[in-house]
Amino acid sequence: MFYYKGVFRETDNVIYFKSDVSLAQNDVVLFGEKKYFIESVEKEFLLLQRVGSIVSVSL
């Protein structure tokens with residue numbers, strides 16, 4: 001189990017959560033209807049950016 005602290009650029013908003021898998025930079029995490037892009041990872045500290053929508057495409 002991995003425990004993380006996520007913060008948002010230029011805000012005081014902080015979220016704490018746990019994950020069964022290790023998270024890395026450029027991953028997207030889903031919390032119900034909300035989606036967050038991980039801009040950077042430093043140990044258990046994540047810099048998050050809110051994502052509007054995710055679109056599936058095929059190549």
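In what follows, every heavy atom counts, from backbone to side chain, and hydrogens, waters and symmetry copies are set aside. As the structure is a prediction and not an experimental result, all values here were calculated from the model.
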Legend entry - Residue pairs fulfilling side-chain hydrogen bond (donor to acceptor under 3.5 Å, both in side chains) with at least one residue in residues 12-39, sequence neighbours excluded: Arg9-Glu39
Inset, instruction - Give every residue pair that meets the salt bridge (charged side-chain N to carboxylate O under 4.0 Å, His left out) criterion with at least one member in residues 40-59, sequence neighbours excluded. - result: none
Legend entry - Point-to-point distance, once rounded to the nearest 0.5 Å, from CD1 of Ile38 to CG of Leu23: 4.5 Å
Inset, instruction - Decide whether Phe45 and Phe2 are clustered together by the hydrophobic rule: side chain heavy atoms of Ile, Leu, Val, Met, Phe, Trp, Tyr closer than 4.5 Å, transitively. - result: no
Legend entry - Same apolar cluster (I L V M F W Y, side chains within < 4.5 Å links), Leu46/Ile15: yes
Legend entry - Remaining members of hydrophobic cluster (4.5 Å side-chain criterion), Tyr3: Met1
Legend entry - Within-4.5 Å side-chain heavy-atom neighbours: Tyr4 and Leu48: no
